[in-house]
Amino acid sequence: MVQKRWFMEDFYFLEDERVRQFLIVGKEEALLIDTGFEDSHVYDVVRSITELPVRVLMTHGDRDHAGGLKDFGACQIHKGDWNLIPEGIHTEPLREGDIFHCGSYTLEVVEIPGHTYGSVAFVEWEKKLLLPGDSVQKDGPIYMFGEHRNLDRYIESLKKLQGLADRVETVLPCHHDCPITPDYIGKNLQDAEAMKNGMLSGKKHPHLPCASYHGRWTEFYYTDYVSE
Ligand SMILES: [Zn+2]
C-alpha cells in the first residue's frame with residue numbers, strides 16, 4: 001500500500017518505491033492525480049485523508065497510473081489515452097488549457113504527447129509547480145518502448161515544457177526523486193535528442209522487450225537497440 005507524504009498545504013504525495021500520485025484536498029472536493037497500480041490501494045489511502053468527493057485527473061494511461069481506477073469508477077484523461085483505460089471506467093476528456101480549481105490551487109492542463117499519445121502535464125502557475133507525469137524525471141529510466149509511445153513527439157513536448165521552465169520552480173514527477181528542479185526538463189531533452197540521433201548505444205534489457213540507453217543524465221528504455 002502506498003504511503004502518504006505531506007508536501008505543502010492541503011497537498012500530499014501518495015507513493016511507494018514504484019510510482020507516485022498526488023492528492024489536493026479542497027473545500028468541496030479533492031483532486032487526485034493518477035491512481036497507481038491496482039495493488040497500490042490508492043483509494044484506501046485517499047479515504048484515510050479525506051471523505052470529500054474525489055475528482056480523478058490522469059497524467060496518462062499507463063497501467064501503473066490507471067490500475068486503481070476501478071475503485072474510483074471515473075476519470076478525466078486526454079483522448080489520446082482512452083484506449084489504455086480499462087472497460088467500465090467513465091472517462092471524460094482533458095484538453096490543453098483546461099483549468100481545475102481546488103482549495104488554494106489552480107491547475108492548468110498542458111498537452112505533452114510522446115511518452116503516451118495522451119500524456120498531459122499540470123501546471124500551478126502561482127505556486128510555480130509542474131506535474132509532468134512520467135515525461136520529466138531525475139535519472140529515469142523513462143519508458144519509451146512500445147506501440148503507444150513516440151520519441152519525436154516526446155522531444156517536441158519536452159521543448160514545449162522547456163519554454164515554460166523559467167515560470168516554474170518545482171517539478172513533481174511520478175517516479176523516482178520528488179521534488180526535482182526544472183533543469184531536468186533540459187537534461188531529459190538533451191539525452192532524448194542524443195538517443196534519437198544515434199549517439200547513445202543500447203544494451204538489451206534482461207527481461208523487458210527493450211534496451212537501456214544511458215544519456216548524460218537520463219536512462220531511457222527504448223526499442224531501437226543494438227543487441228549484445
Ligand atoms: Zn508512464
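All residue numbers refer to positions in the sequence shown, counting from 1. Whatever order the structure lists ligands and atoms in, that order sets their numbers, starting from 1. Side-chain atoms are counted along with the backbone in the values below, which use heavy atoms only and exclude waters and symmetry mates.
- Residue-level check: among N/O/S atoms of D134, OD2 sits closest to the Zn ion (ligand 1).
- Contact annotation: D62 places an N, O or S atom under 2.8 Å from the Zn ion (ligand 1).
- A side-chain N or O of H65 and one of D134 form a donor-acceptor pair less than 3.5 Å apart.
- For Y221 and Y143, the distance between ring centers is under 6.0 angstrom.
- At a cut-off of 2.8 Å, H60 is counted among the residues with an N, O or S atom near the Zn ion (ligand 1).
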- [ ] Decide yes or no on ring-ring contact (aromatic ring centres under 6.0 Å, His included) for F22 and F13, but give the supporting numbers first.
- [x] CA-CA 5 Å; F22 304 94; F13 299 165; 5.5 Å; yes
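- Looking only at N/O/S atoms, H115 comes nearest to the Zn ion (ligand 1) through NE2.
- Between D62 and H115 the shortest heavy-atom distance is OD2-NE2, 3.0 Å.
- The pair D71-R47 does not meet the salt-bridge criterion, since no charged nitrogen lies less than 4.0 angstrom from a carboxylate oxygen.
- In summary, no N, O or S atom of C174 is located under 2.8 Å from the Zn ion (ligand 1).
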